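To keep things clear, I will list the structure first and then write my remarks on it.
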Amino acid sequence: MKSIRQLVSNRVLAGLISLTGGLLFTSQTFAADPGKIVVQADQPGASISPLFYGLMTEEINHSYDGGLYGELIQNRIFKDAPPRGGGGRGGRRGGQPPAAAGAAAAPAAPTPPPVPVAPAIAHWAKVGSDDSQGSIALDTTDPVNTVALTTSLKLTIAAVGASGRVGVANDGYWGIPVKPATNYQASFYAKGSDGFSGPLTVDIESNDGKTTYATATVPAVGGQWQQYKLTLKTGQVAPTADTRLVISGASRGTVNLNLVSLFPPVFNPRTGAALGGRPVTGFRSDIMQLLADMKPAFLRFPGGNFVEGPNLNDRYNFKITVGPWEDRPGHGGSWGYRATDGMGLLEFLEWCEELKMEPVLAVWAGLNLNNANGVVTGDALKPYIQDALDEIEYVSGPSTSEWGARRAKDGHPAPFKLTYVEIGNEDNLNQGTTTYRGPEGRFALFYNAIKAKHPDLQVIATTDPQVKHDVIDNHAYMSPVDAIRNAHRYDTASRTGPKVFEGEWASQEGGLSNPNRPLTPTFQCALSDAAFLTGLERNADLVIMSCYAPLLTRTNPGGSNWKTDLIGYDSLTAYASPPYYVQKMFSHARGDQVLKVASITPQSVATPPAAPVPAAAPAAGAAPAPGGRRGGRGGTAAPNYNEPLFAAASREDATGDIILKVVNVFPGDQAETVDLTGAKVLKNATGQILVGQPDDTNSVTDPLHVIPKDFVITDASSSWSHTFPGNSITVIRFKTK
Ligand code: AHR
């Protein structure tokens with residue numbers, strides 16, 4: 001029997017030691033008989049959906065605005081609520097709670113008459129030295145257009161002192177990320193009046209105004225609205241986000257500005273000539289690269305609660321998210337901040353195209369988060385059902401259809417492949433279940449209309465509608481212990497109903513009820529996620545798709561609405577959490593057919609390990625309901641502390657590889673004989689291992705603390721001995737040809 005020490009190459013071994021601080025090899029080992037993992041390698045079972053591993057996404061935690069969407073200017077069309085007093089629009093967990101009705105009034109104190117001050121403009125401030133005079137204000141008197149650019153920023157320059165300028169500064173999304181030798185594309189609408197005709201200077205500078213990192217000038221500004229475009233280039237500067245964008249003038253008069261935009265270099269840039277130069281893939285490169293590396297097969301969008309919206313007007317309405325930026329007013333998001341919709345429906349689809357993902361499209365289904373206008377039902381749903389049909393046509397219709405033609409006009413004549421459409425999101429919220437259910441329910445009205453026009457589309461329900469549905473989307477946010485237990489969630493579930501989409505799930509330290517869980521999860525959650533995933537894969541005849549949620553988060557203070565999230569970032573650095581690497585390892589080694597893991601016998605030990613990782617069991621009644629937190633099918637197995645190893649196996653058609661995934665959730669090593677019954681196995685095989693301590697984590701300052709390591713095997717056989725280290729996730733590819 002070879003131990004992991006012998007199997008792992010020296011280079012990898014060094015990596016493992018540094019990865020675990022040496023702890024891996026000092027963990028407890030048990031003098032005992034090896035256990036056995038038996039895989040029926042010659043009896044391929046159910047097919048695994050090629051769409052098994054994907055991404056779930058919505059505008060939450062500044063996922064797009066201030067995240068994946070490359071725009072660097074915050075509040076570019078001046079529609080964000082003022083920073084004080086305005087709150088957000090409110091949403092499920094954002095915005096400010098309304099004052100309690102009927103609350104007792106505080107004793108009145110004599111107050112001085114208010115001093116009139118111009119309301120602050122979110123993310124914009126006047127700059128200029130004390131000897132300059134000027135002001136900024138919002139101006140609705142002469143809009144650029146009446147669709148979206150209805151409010152401009154008016155900069156009045158009354159006097160220019162020794163500093164030589166009066167201007168406006170934008171603080172970006174937690175600063176403007178300045179990197180060396182980098183081109184930034186700036187654009188804005190401007191018009192001069194009261195004698196102002198330019199020039200206008202555009203600077204990326206330090207927040208104290210002392211260092212200019214890049215500058216460009218518009219020599220003359222006309223008296224009518226006109227768009228100006230410039231390139232700003234940095235030199236050999238040290239990266240920083242302690243920065244702002246300033247647009248300033250040096251002569252008296254007035255200048256109005258609108259749609260002020262600044263883009264850094266983006267992922268795989270392509271520009272849409274049909275769109276007047278709109279970047280087709282305007283996505284932040286480092287985040288996109290992390291996503292591309294996962295090789296996801298589908299994208300579930302646009303939510304999440306972002307679909308429902310905080311009220312009827314701010315539901316996800318694709319029609320206001322397409323077309324030129326000039327026509328996109330944005331809308332109140334579900335997570336306490338306004339969405340620009342720069343990341344509109346076409347951008348989601350281009351994101352899919354870029355990463356070769358299939359869209360899984362959620363359409364609005366009558367429910368809003370705050371029940372602000374009640375649930376829309378019955379005949380009143382008809383216009384929204386038509387919106388859903390139009391949205392499907394925009395995505396997948398030929399360019400000769402009404403909405404396919406609109407997509408072509410927007411720069412993408414070719415239709416996108418669409419197989420799955422989801423009716424709403426979490427329609428059990430706000431007691432929405434009763435209106436979702438039954439032959440006259442919200443689900444059935446959408447289902448029937450969609451099937452009548454698109455019989456081949458697979459329609460997903462978000463809670464059991466008690467009428468025919470093709471797929472049910474189960475959501476499960478779990479404590480790590482529950483995730484481990486739920487590796488058996490689908491083992492005994494009924495096979496006669498709809499297929500299962502595990503459309504939102506994650507294990508979280510302490511579960512959703514723990515307010516102190518970290519922003520991005522630790523290695524402990526990587527172990528539990530991996531155990532859970534083996535259960536999804538083993539049940540691939542029933543479970544057809546899986547995606548972790550949420551996907552993205554800002555790590556800056558105030559940038560996040562939800563813990564925990566798979567990928568974190570500030571303005572300069574993006575990093576992946578340990579559970580990200582589980583998703584990536586499993587997605588890269590999906591396989592095409594399930595191979596049954598007939599039995600797993602743990603290594604027999606003198607003293608069995610005390611408890612799985614993590615040790616804490618949930619309080620009675622805290623375990624997720626059958627089917628998870630929301631959703632319909634599957635059960636919760638009782639904990640089995642004699643089951644420290646979790647495994648799934650599959651066969652890959654193209655290579656003939658047998659893929660084995662083994663998760664050891666205990667801190668002790670587990671010596672096993674792996675029996676691949678009926679298989680002819682070559683000696684040389686490869687693997688990847690992720691090991692760590694439960695509290696290990698990655699961060700902006702230590703992004704690669706926990707990462708998988710490759711290893712090679714030179715003595716593989718159909719009855720192969722191996723020690724699976726404590727706290728480890730191992731994926732092995734056995735070669736058969
Ligand atoms: O993923 C975060 C939120 O969790 C989603 O918006 C919602 O669908 C779920 O409740």
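Numbering of residues begins at 1 and proceeds along the displayed sequence. Bear in mind the structure is a predicted one, so any value in this text is a computation, not a measurement. When a ligand or atom number is given, it counts from 1 through the structure's own listing order.
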* Ion pair present between K499 and D541, side-chain N to carboxylate O less than 4.0 angstrom? ->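 No, K499 and D541 are not salt-bridged.
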* Write down the atom of A297, the atom of L51, and the distance for their closest heavy-atom approach. =>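 For A297 and L51, the tightest heavy-atom pair comes out as O-CD2, 3.5 Å.
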* Could you please spell out the steps behind the side-chain contact (heavy atoms from CB on, under 4.5 Å) verdict for N514 and L512? => CA-CA 6 Å; N514 171 18; L512 259 182; over 6 Å; no
Per-atom contacts of ligand 1 with [X], taking only distances under 4.0 Å to non-hydrogen atoms:
X	value
N425	8 (O)
P550	1 (O), 2 (C)
Y477	1 (O), 2 (C), 4 (O)
E58	1 (O), 2 (C), 3 (C), 5 (C), 6 (O)
E426	7 (C), 8 (O), 9 (C), 10 (O)

* So is there a nitrogen or oxygen of H475 less than 3.5 Å from a nitrogen or oxygen in ligand 1? ->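 Min N/O separation from ligand 1 is not below 3.5 Å for H475.
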* To do: Please say whether the positively charged group of K295, taken as NZ for Lys or CZ for Arg, lies over the ring of Y53, i.e. under 6.0 angstrom from the six-membered ring centre and within 45 degrees of the axis.
  =>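 No cation-pi geometry.
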For [X], which part has a heavy atom under 4.0 Å from ligand 1: side chain, backbone, both, or neither?
X	value
W505	neither
M56	neither
W562	side chain

* Is the F348 to F416 ring centre distance short of 6.0 Å? ->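 Not under 6.0 Å, so no.
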* How would you list all residue pairs meeting salt bridge (charged side-chain N to carboxylate O under 4.0 Å, His left out) that involve residues 353-373, not counting sequence neighbours? ->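 Salt bridge (charged side-chain N to carboxylate O under 4.0 Å, His left out) check on residues 353-373 returns R270-E353, R270-E354, E358-K417.
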